[in-house]
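Read the structure below first, then the notes.
In each ligand, atom 1 is the first atom listed, and ligand 1 is the first ligand listed. Please read all numbers here as calculations on a predicted model, not as lab measurements.
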Amino acid sequence: MKVAAGIAAVLLAGPLAHAWSDHSFCTWQALNGMPELSGRMTQAESLGDYVRARADALPALLEREESWARAELPDYAPRPDALKFQAPARSAPDAAWQLAFLRAIRVNEQARLSLFLQRRPGQAIAPVRRLDWQAVSTLHSGSGNAQFEKLDAGEAVSAYEVIATASSEPDYGLDLGLWADSGTAQGMATRFGPLPFGNPRFEYSGQAPFHMGFFHESRVIYAAAGYLKRSYVEARIHLYLSLARDALAHGRAYWGWRFTGWAMHYVQDLTQPYHARVLPGIGTGRLIWIDLQDLLGRHGPKNDAINRVTNRHTVIEGYQLGRMAMAYSTGHDDEPLFLALRDTSGDRANWQFGPHTGRDLVSAEAAAAADALDAQLVLSFPSHYTDDPATDLSKAKDIDFAAIAHDHAPDQEKALLAQMRPLMQAMGRHSRAVVRAALSS
Ligand SMILES: [Zn+2]
């Protein structure tokens, strides 16, 4: 149990909002030029209109999802019968249809779900079309780089842009307020129980069990901290792919692509080593030693380990976001991270994303890369950021980690990019597989 306490403390301390920062930045590259999306256009449609159009089909579809999750996910908390989808009266307003749907799929009923597109850094948006953060997210503050443009219902829009925008959206509050200790009525109704990991005091952390999956830890860790298995990331991926396929097959392509982007978000989260391993760089033996020290009243080693892991997670996200934001702003299409995301050489055209690909393949790849990436971060950045447990990067909004790595040790930055390349290639490859899975019947 003490190991459990140590692990829990790490999860409390981590910046749990994002895996890779700003998924749209990655998705624009990953899907760039994908033949399956070429020329595909659709019309924006409110969620209420979509639900109304599919109201007769949704009960059976959601029942199939529920049966699949109960059979395939051993730690899944069954959806209570009281939350079964029930169509409101035909004449009910959009908001009632939206609410009925969100309750049934156990997604934050406060979610904004506006019609919008994310635009690239530096891209001009007419002032009347500009949306602020609060129009798309329930969170109080978000990524300073993201900018949004309003869409009108019926407006023509490309599938590619809908997916790329939607691939960031699950980080905008969709999975918040859902736990028994979230302090919301919906959190009591979902029967997910109390937050298994993450700290309810942090605005973001309620989404952690939906966006992380520790599927490849040692048995000792699971024995001590069984709650780490309570991840809903596979359930989200499966649900959104099923909704996407149904919508695409029945003339509701806008929501088909938006659901595809939502499914993609969780897959992309699993490609991040710090979302696939609890403590990269710290072996099980070391973790138990740290915990023993803690048990003996020497809390220093545990606190130091927590701070280091948290800081490295922050550094790698900051580095990725900084490089990508700069590349978009300056039109550098040859940014190495972009080239890796666009690299289709490892794609298998006939291979799609299966029900357990997230667990068996995506998160296994990320977990396998975690220790080496963790070690490389120490070499690529000044020790103040990666090795000094006294450093607190939790509010590190304006630190330019790309410039810091460049100035610190150019050779080690090359080595870091070499480590990130296969991770970005995997994110690109799996993102494209999600699109192919959505298009399959
Ligand atoms: Zn996420």
Side-chain angles (χ1 to χ4, degrees), residues 11-12 14-28 30 105-108 110-113 118 133 136-146 163-179 182 192 195-199 202-215 228 230-241 244 258-278 310 313-314 316-318 320-321 324 341 353 357-359 362-363 365-367 370 423-424 426-428 430-431 434:
L11 290 160
L12 303 188
L16 298 168
H18 308 111
W20 298 107
S21 278
D22 205 318
H23 291 238
S24 304
F25 283 16
C26 302
T27 308
W28 282 317
I105 62 170
R106 293 191 282 181
V107 162
N108 185 0
Q110 309 294 325
R112 300 286 184 261
L113 305 169
Q118 182 169 343
W133 174 253
V136 303
S137 175
T138 65
L139 289 155
H140 290 108
S141 64
S143 158
N145 292 285
I163 299 170
T165 295
S167 72
S168 285
E169 202 174 3
D171 277 342
Y172 298 163
L174 266 57
D175 295 318
L176 295 179
L178 299 175
W179 303 99
S182 296
F192 281 128
L195 184 65
F197 51 87
N199 186 336
F202 287 77
E203 190 183 21
Y204 290 115
S205 55
Q207 72 178 38
F210 295 96
H211 295 234
M212 304 172 107
F214 304 112
F215 301 123
L228 287 176
R230 292 193 50 208
S231 162
Y232 290 88
V233 65
E234 287 187 288
R236 285 294 194 241
I237 292 167
H238 197 272
L239 169 67
Y240 294 142
L241 269 176
R258 197 155 165 175
F259 290 137
T260 302
W262 289 6
M264 193 177 294
H265 175 95
Y266 299 87
V267 174
Q268 293 174 341
D269 272 351
L270 288 180
T271 68
Q272 157 65 271
Y274 286 92
H275 273 224
R277 284 276 311 283
V278 180
T310 306
H313 189 167
T314 306
I316 189 63
E317 280 190 24
Q320 169 250 328
L321 185 69
M324 290 187 178
L341 282 160
F353 204 90
T357 305
R359 173 191 294 254
V362 182
S363 105
E365 289 171 348
L423 295 173
M424 291 290 136
M427 181 163 21
H430 298 313
S431 298
V434 168

Polar side chain donor-acceptor pair, Thr138 to Gln110, under 3.5 angstrom: no
Checking distances from the Zn ion (ligand 1), one finds that the N, O or S atom of Asp269 closest to it is OD2
Arg106 to Phe192 six-membered ring, cation-pi geometry met (6.0 Å, 45°): yes
Could you check if a side-chain atom of Trp262 sits within less than 4.5 angstrom of a side-chain atom of Leu174, using non-hydrogen atoms only? yes
Can you tell me the N, O or S atom of Asp171 that's nearest the Zn ion (ligand 1)? OD1
Looking at His265, the N, O or S atom sitting nearest the Zn ion (ligand 1) is NE2
Spatial distance of atom OG1 (Thr357) from atom CD1 (Ile237) [nearest 0.5 Å]: 9.0 Å
Taking the N/O/S atoms of His211 one by one, which is nearest to the Zn ion (ligand 1)? ND1
